[in-house]
Amino acid sequence: MTNWRKDNWIFFQRALKDLPKTYKLLDLGCGDCKFDDLFKVFDYEGADFKDFGQKIIADFNEKLLVSDNQYDIIVMSNLLEHLFEPEKI
């Protein structure tokens, strides 16, 4: 595991540890879900531009079609640097 991924793991572990496991979590830019041990204890959905077997396949340079309050937690790790206009997300 790379240092930056290890740092992300520690951050997510601390940030998510006390949240109800019934929460619905959306992982933007999930890829092959390197953090699945942390995320999949929640009601998990992943989203990425490429099909990794996740529920949502989307172009993050376009508006993501999800409803307001559809998710309790939205996470992303190392996604913004891949977008043309990250402020739109």
Side-chain angles (χ1 to χ4, degrees):
M1 182 181 293
T2 61
N3 285 337
W4 63 265
R5 194 173 306 276
K6 202 177 304 182
D7 289 343
N8 286 351
W9 178 276
I10 291 167
F11 171 80
F12 286 130
Q13 185 179 41
R14 288 178 183 159
L16 298 173
K17 71 177 180 167
D18 294 325
L19 297 177
K21 303 308 178 226
T22 56
Y23 275 9
K24 192 164 188 171
L25 183 145
L26 176 61
D27 181 6
L28 295 178
C30 64
D32 58 358
C33 195
K34 301 290 186 192
F35 304 109
D36 62 348
D37 288 347
L38 297 173
F39 295 167
K40 291 186 178 178
V41 298
F42 297 97
D43 183 3
Y44 174 86
E45 289 184 3
D48 209 310
F49 74 97
K50 184 177 173 188
D51 188 353
F52 290 95
Q54 76 281 3
K55 184 174 182 178
I56 301 169
I57 299 173
D59 179 353
F60 298 124
N61 291 297
E62 302 295 327
K63 183 174 178 165
L64 189 60
L65 299 176
V66 296
S67 303
D68 288 345
N69 301 315
Q70 184 174 346
Y71 297 95
D72 301 294
I73 307 164
I74 299 177
V75 297
M76 66 178 107
S77 176
N78 307 301
L79 172 67
L80 294 178
E81 68 270 21
H82 298 285
L83 303 179
F84 299 120
E85 297 178 270
E87 63 278 0
K88 285 187 174 183
I89 202 164

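The analysis underlying the following values was restricted to heavy atoms, covering all of them including side chains, and did not include hydrogens, waters or symmetry mates.
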Shortest non-hydrogen contact from [X] toward [Y]:
X   : Y   : result
G31 : D48 : N-OD2, 2.6 Å
L79 : G29 : CD1-CA, 4.1 Å
G46 : Q54 : O-CG, 3.3 Å

Option from V75, L19, L38 for which side chain to side chain contact (heavy atoms under 4.5 Å, CB included) with L25 holds: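 Going through the options one by one, the only one that passes is V75.
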Heavy atoms from other residues, nucleotides or ligands near CZ of F11 exceed 12 (cutoff 6.0 Å):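 Open.
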Side chain to side chain contact (heavy atoms under 4.5 Å, CB included) evaluation trace for Y23 with L16: CA-CA 10 Å; Y23 275 9; L16 298 173; over 6 Å; no
F42: partners by ring-ring contact (aromatic ring centres under 6.0 Å, His included), with sequence neighbours left out: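 F42 satisfies ring-ring contact (aromatic ring centres under 6.0 Å, His included) with no other residue.
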Set of residues satisfying salt bridge (charged side-chain N to carboxylate O under 4.0 Å, His left out) with respect to D32, sequence neighbours excluded: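 D32: salt bridge (charged side-chain N to carboxylate O under 4.0 Å, His left out) contacts with K34.
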Salt bridge (charged side-chain N to carboxylate O under 4.0 Å, His left out) contacts in which one or both residues fall within residues 58-74, not counting sequence neighbours: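 Salt bridge (charged side-chain N to carboxylate O under 4.0 Å, His left out) check on residues 58-74 returns no pairs.
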Any pair counted as salt bridge (charged side-chain N to carboxylate O under 4.0 Å, His left out), so long as it reaches residues 5-27, sequence neighbours left out: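 Non-adjacent pairs meeting salt bridge (charged side-chain N to carboxylate O under 4.0 Å, His left out): K24-E45.
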Qualifying residues under side-chain contact (heavy atoms from CB on, under 4.5 Å), relative to A58, sequence neighbours excluded: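 side-chain contact (heavy atoms from CB on, under 4.5 Å) check on A58 returns I56, F60, L64.
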In one Ile/Leu/Val/Met/Phe/Trp/Tyr side-chain cluster, 4.5 Å: W9, V41: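 Per the 4.5 Å side-chain linkage, W9 and V41 are co-clustered.
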In one Ile/Leu/Val/Met/Phe/Trp/Tyr side-chain cluster, 4.5 Å: M76, L26: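 Hydrophobic grouping puts M76 with L26.
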Residue list, side-chain hydrogen bond (donor to acceptor under 3.5 Å, both in side chains) with T2, at least two apart or on another chain: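 Scan of T2 (side-chain hydrogen bond (donor to acceptor under 3.5 Å, both in side chains), adjacent residues dropped) gives W4.
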F49 side, atom CZ; N61 side, atom CG - distance, nearest 0.5 Å: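 Answer rounded to 0.5 Å: 10.5 Å.
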Ring geometry between F39 and F12 (parallel below 30°, tilted from 30 to 60°, perpendicular above 60°):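 Answer is perpendicular, since the angle exceeds 60°.
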